[in-house]
A.B. asks: 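There's a structure below that I have some questions on.
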Amino acid sequence: TSTAADSKFNWWNSKKLRLGLDLQGGSHILLQVDDSYIISDRLNIISDETRKIFRKKNISYSEINIENEIITISTLKNIEQAKTLIKEITSNLSLEDKDNNIILYFNDNEKEKIKRSVVQQSLEIIRRRIDEVGTNEPTIQIQGKDRILVQLPGIDDPERVKKLLGKTAKMNFRLVDEKAMSMLNENKRSPVGSEYLLGAEEDSNTRYIIKKRIGVNGDRLIDAQASVDQFNKPIVSIRFDTIGARRFGDLTSKNVNKRFAIVLDNQVISAPVIRESIPGGSAQISGNFTFQTANDLAILLRAGSLPAPLSILEERTVGPSLGRDSINSGTVASIISLFLVLMYMFAVYGKFGLIANSALIINILLIIAILSFIQATLTLPGIAGIALTTGMAVDANILIFERIREESRLGRSFISAIESGFKQAFRTIIDANITTLIAAIILFYFGSGPIKGFAVTLGLGVLTTMITSLVISRVLINALFKNYKNKTIPI
């Protein structure tokens, strides 16, 4: 049984500082969404729906043609009724009629909406696939209009992830054209209503002739799990929703002793013979699977199919040793610079220097604590932002101490010199830090990746610097010198 102490400990561990790709190692992949595919795909769906409804309503036409992302319906008899029916199918298409022909197309605004929707949908599916793999702290975000950045810190098998991301994972179940298959070597062209497809992976040299009509679509899947059959061979167990179960049951009951193909991304995974009707909506996919490929296929099916193909534009792999070297170099540089700053402040300002050093250490601890709490990812540019903050924090204290020195030389008392020093330096410190904060906000808003990491630590550093220099330093000075009797200020 868990205790309150255990839950606190787990919360503490969950708030550890996350390391970025350049520090931890891993993969950086930039993907591009082929959004032109989705436009043509949607036009094909609309043209198929139009054919069906025209046939049902007995509307005569000569041809429905798609070219250059435009649907042309030629030689219509009842053009007004046809226009009404088309508007019932879709209201997103622009419609024009001329000489008994109808022209349908997506206007530019509608295309942009579709493309944005496709990129967003692709992002969510990629996120689900990555989460299924179990990668810790991935960065998945949209870049530009049609690109998706994927950063996977600490990943140990980047090739597997690339395969998972690159597959569209469109699955469907279709019947094999047995008559055409019997004359496979004689016919050079596939018959009307069927198409040639190759087998997947090890079966890639085998050709199948598959009917184009889809019996059950993979979108009807609600679960997929890798398992083993009675012979201990890897399989994928699938389960359909209510509509998919009914369609799958009809497909198998009407085609007993015939083969049906399981098609994934236009490749035939397997083409088993239907021995009996399969009601209930559960089935098993067998093929030339290993345990890992069966598990990967289950992941793809559970996560869903991508609405459009993805291509890899850029790929970088950072080894853990390189990340470790970066951490070591950054740590050594930070320690040396911090040590030199601490020594300089003590040598120049004495006891006041000790106060500035204490405020500086508190400042750095505050930044790290806030980064951990908001679960930000620390990168090398982020470390550079912290280093810059160190200099800014010391600079604020120097401004205060120099003002105190000046006030003391003018003959002010100890308390009065400190009050005046903080008051006179206040505006200068605020102005300097506000301008730096504005720069950090602009960098965060317009930048990406490492630039954002630098902007986050710089912005946090500005806020913590103002707190430590104007509040904590003053509290420490008041506490240290509350009983100070000498007239001269030890600064």
Side-chain angles (χ1 to χ4, degrees), residues 333-371 373 382-443 454-491:
S334 300
I335 290 173
I336 292 173
S337 60
L338 180 61
F339 177 77
L340 292 175
V341 168
L342 295 177
M343 290 299 99
Y344 174 82
M345 291 300 292
F346 178 70
V348 175
Y349 296 105
K351 291 182 179 180
F352 275 76
L354 288 176
I355 291 171
N357 293 340
S358 300
L360 176 59
I361 293 170
I362 292 171
N363 190 5
I364 295 171
L365 292 176
L366 269 176
I367 295 172
I368 295 172
I370 295 171
L371 288 173
F373 183 76
I383 293 176
I386 294 174
L388 180 58
T389 298
T390 304
M392 291 166 53
V394 170
D395 184 57
N397 279 292
I398 288 173
L399 283 173
I400 294 169
F401 296 163
E402 289 299 327
R403 292 299 304 182
I404 292 173
R405 270 181 173 174
E406 289 178 12
E407 297 299 325
S408 178
R409 287 170 187 157
L410 292 174
R412 288 183 180 271
S413 66
F414 177 76
I415 298 297
S416 177
I418 291 175
E419 289 288 337
S420 181
F422 273 96
K423 186 177 180 180
Q424 296 295 330
F426 180 83
R427 183 168 181 175
T428 305
I429 293 171
I430 292 294
D431 288 347
N433 282 280
I434 289 297
T435 53
T436 307
L437 185 60
I438 291 171
I441 291 171
I442 293 172
L443 284 174
F454 175 79
V456 167
T457 53
L458 180 60
L460 285 176
V462 168
L463 298 175
T464 56
T465 294
M466 287 192 286
I467 293 170
T468 54
S469 60
L470 296 174
V471 178
I472 294 178
S473 290
R474 188 162 188 172
V475 169
L476 291 174
I477 288 173
N478 290 337
L480 188 62
F481 295 101
K482 65 180 179 179
N483 297 319
Y484 191 71
K485 302 296 183 181
N486 296 336
K487 292 183 179 181
T488 58
I489 299 176
I491 187 173

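Keep in mind it's a predicted model, so treat the numbers as computed, not measured.
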A.B. asks: When you look at Leu371 and Val456, which way does the side chain to side chain contact (heavy atoms under 4.5 Å, CB included) test go after all the steps?
C.D. replies: CA-CA 9 Å; Leu371 288 173; Val456 167; 4.0 Å; yes
A.B. asks: Distance check, rounded to the nearest 0.5 Å: Ile404 atom CD1 versus Glu406 atom CD?
C.D. replies: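 Rounded to the nearest 0.5 Å, the CD1-CD separation comes out at 11.0 Å.
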A.B. asks: Does the side chain of Met345 come within less than 4.5 Å of Val341's, by heavy atoms?
C.D. replies: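 A side-chain contact exists here, since the closest heavy-atom pair is under 4.5 Å.
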A.B. asks: Please report the C-alpha distance between Thr435 and Asp431 in whole Å, then the side-chain angles of each, then the deciding distance to 0.1 Å, and finally whether the side chain to side chain contact (heavy atoms under 4.5 Å, CB included) criterion is met.
C.D. replies: CA-CA 6 Å; Thr435 53; Asp431 288 347; 5.7 Å; no
A.B. asks: Sub-3.5 Å donor-acceptor pair from the side chain of Ser473 to the main-chain atoms of Leu470, do we have one?
C.D. replies: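 Side chain of Ser473 to backbone of Leu470, a donor-acceptor pair under 3.5 Å: no, none is there.
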A.B. asks: If every non-hydrogen atom of Thr457 is compared with every non-hydrogen atom of Gly385, which pair is closest and at what distance?
C.D. replies: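 Closest pair (atom of Thr457, atom of Gly385, distance): OG1-CA, 3.4 Å.
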A.B. asks: Applying the side-chain contact (heavy atoms from CB on, under 4.5 Å) criterion to Ile441, which one of Leu437, Leu443, Ile438 satisfies it?
C.D. replies: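 That would be Leu437.
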A.B. asks: Once you round to the nearest 0.5 Å, how far does OG of Ser469 lie from CG of Leu399?
C.D. replies: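 Spacing of OG (Ser469) from CG (Leu399) equals 9.0 Å.
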A.B. asks: Taking all non-hydrogen atoms of both residues into account, name the closest pair between Gly421 and Glu407 and its distance.
C.D. replies: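 For Gly421 and Glu407, the tightest heavy-atom pair comes out as N-CG, 4.3 Å.
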A.B. asks: Give every residue pair that meets the salt bridge (Lys or Arg N to Asp or Glu O under 4.0 Å) criterion with at least one member in residues 382-394, sequence neighbours excluded.
C.D. replies: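 Residue pairs with at least one partner in residues 382-394: there are none.
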A.B. asks: Please report the C-alpha distance between Arg405 and Tyr349 in whole Å, then the side-chain angles of each, then the deciding distance to 0.1 Å, and finally whether the side chain to side chain contact (heavy atoms under 4.5 Å, CB included) criterion is met.
C.D. replies: CA-CA 10 Å; Arg405 270 181 173 174; Tyr349 296 105; 3.9 Å; yes
A.B. asks: Quick one: pull up CZ in Arg474 and OG1 in Thr468 and give me the separation to the nearest 0.5 Å.
C.D. replies: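 So the gap between those two atoms works out to 14.5 Å.
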A.B. asks: Would you tabulate the side-chain donor-acceptor contacts of residues 352-367 under 3.5 Å, counting partners in other chains and residues two or more places apart, or write 'none'?
C.D. replies:
{"residue": "Asn357", "atom": "ND2", "partner": "Leu342", "partner atom": "O", "Å": "3.1"}
{"residue": "Asn357", "atom": "ND2", "partner": "Gly353", "partner atom": "O", "Å": "3.2"}
{"residue": "Ser358", "atom": "OG", "partner": "Leu354", "partner atom": "O", "Å": "2.9"}
{"residue": "Asn363", "atom": "OD1", "partner": "Thr464", "partner atom": "OG1", "Å": "2.5"}
{"residue": "Asn363", "atom": "ND2", "partner": "Thr465", "partner atom": "OG1", "Å": "3.2"}

A.B. asks: I need the single residue from Thr428, Ile429, Ile418, Ile477 that forms a side-chain contact (heavy atoms from CB on, under 4.5 Å) with Ile400. Which is it?
C.D. replies: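 Result for side-chain contact (heavy atoms from CB on, under 4.5 Å) with Ile400: Ile429.
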A.B. asks: Measuring from Leu463:CG to Leu458:CG, what's the distance to the nearest 0.5 Å?
C.D. replies: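 Spacing of CG (Leu463) from CG (Leu458) equals 10.0 Å.
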